[in-house]
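Treat the numbers as computed from the prediction; the structure is a model and nothing was measured. Chain letters run A, B, ... following the sequence lines, proteins first and then strands; every chain starts at 1.
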Amino acid sequence: DGGITQSPKYLFRKEGQNVTLSCEQNLNHDAMYWYRQDPGQGLRLIYYSQIVNDFQKGDIAEGYSVSREKKESFPLTVTSAQKNPTAFYLCASSPGGGRSYEQYFGPGTRLTVT
Amino acid sequence: QKEVEQDPGPLSVPEGAIVSLNCTYSNSAFQYFMWYRQYSRKGPELLMYTYSSGNKEDGRFTAQVDKSSKYISLFIRDSQPSDSATYLCAMRKSNYQLIWGAGTKLIIKP
């Protein structure tokens with residue numbers, strides 16, 4: 001089955017700890033994205049990557065970091081510098097050639113920081 | 001002012017009704033207009049996309065874009081309880097960035 005996997009589904013951390021969220025895709029897509037979803041708000045772009053070993057900041061990159069060492073993988077680290085990290089995090093991928101309108105999402109990771 | 005405005009609802013309608021979901025936007029540079037459906041605790045999935053003004057139909061779903069009014073709509077005919085979900089509009093700002101509405105929660109009552 002082709003798709004995007006995110007793990008874990010639920011994650012609990014203490015304030016001040018860094019945490020890494022996993023995202024893997026086997027759709028052979030060039031582009032990958034990380035979004036944050038908060039109640040009553042649309043998806044907000046954290047980081048995106050158009051190609052391996054390259055990524056760009058989205059609208060709310062502060063306190064987050066990413067890497068893209070393999071086409072299939074785009075992990076997101078939520079650092080202790082992120083002021084309000086509790087949220088639902090969604091990873092997505094899309095084919096290349098400007099087809100960013102066609103995004104495929106993973107099931108999401110719900111992060112709770114206390 | 002947000003670039004994309006969408007009423008969060010909830011919108012509750014009886015089964016079989018025609019549903020109308022809407023978004024307005026302010027950036028005339030947007031070209032692609034998408035509707036995604038998101039079930040509770042799941043990732044969104046693409047329902048439909050349109051490039052230009054006009055209507056696009058896919059089964060019970062019709063997407064409508066009016067660029068002159070900066071207004072897009074999604075119509076669902078013969079609504080079913082399985083259509084209950086949050087519907088997100090999205091618009092493409094650049095080759096790799098979408099701008100999202102807040103999502104409208106739709107409830108179809110049997």
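- No part of Gln6(B) comes within reach of chain A, as not one of its non-hydrogen atoms sits under 4.5 angstrom from that chain.
- For the pair Arg36(A) and Asp38(A), the salt-bridge criterion is met [side-chain N within less than 4.0 Å of a carboxylate O].
- At a 4.5 Å heavy-atom cutoff, Gln6(A) makes no contact with chain B through either its backbone or its side chain.
- Counting only N and O atoms by type, the side chains of Asp59(A) and Gln97(B) include a donor and acceptor under 3.5 Å apart.
- Arg68(A) and Asp54(A) are not joined by a salt bridge, as no carboxylate oxygen comes within less than 4.0 angstrom of a charged side-chain nitrogen.
- With a 4.5 angstrom heavy-atom cutoff, Tyr89(A) does not touch chain B via any of its atoms.
- Of the two parts of Phe33(B), neither the backbone nor the side chain holds a non-hydrogen atom closer than 4.5 Å to a non-hydrogen atom of chain A.
- Between Trp100(B) and Phe105(A), the ring planes are perpendicular. Angles over 60° get that label, and only those under 30° would be called parallel.
- For Lys93(B) and Glu3(B), the salt-bridge test passes: some basic side-chain N is under 4.0 Å from an acidic carboxylate O.
- In this structure, no portion of Arg44(A) lies under 4.5 Å from any heavy atom of chain B.
- There is no contact between Pro8(B) and chain A, counting heavy-atom distances below 4.5 Å.
- With a 4.5 angstrom heavy-atom cutoff, Tyr101(A) touches chain B via backbone and side-chain atoms both.
- In this structure, chain B has heavy atoms under 4.5 Å from both the backbone and the side chain of Glu102(A).
- With values rounded to the nearest 0.5 angstrom, Tyr36(B) atom OH is found 13.5 Å from Leu74(B) atom CG.
- Most heavy-atom pairs under 4.5 Å with chain A: of the set Lys2(B), Arg41(B), Glu45(B), this distinction falls to Arg41(B).
- Proximity to chain B (any heavy atom under 4.5 Å) is shown, for Leu43(A), by both the backbone and the side chain.
- Glu24(A) and Ser73(A) get closest at one heavy-atom pair: OE2-OG, 3.0 Å.
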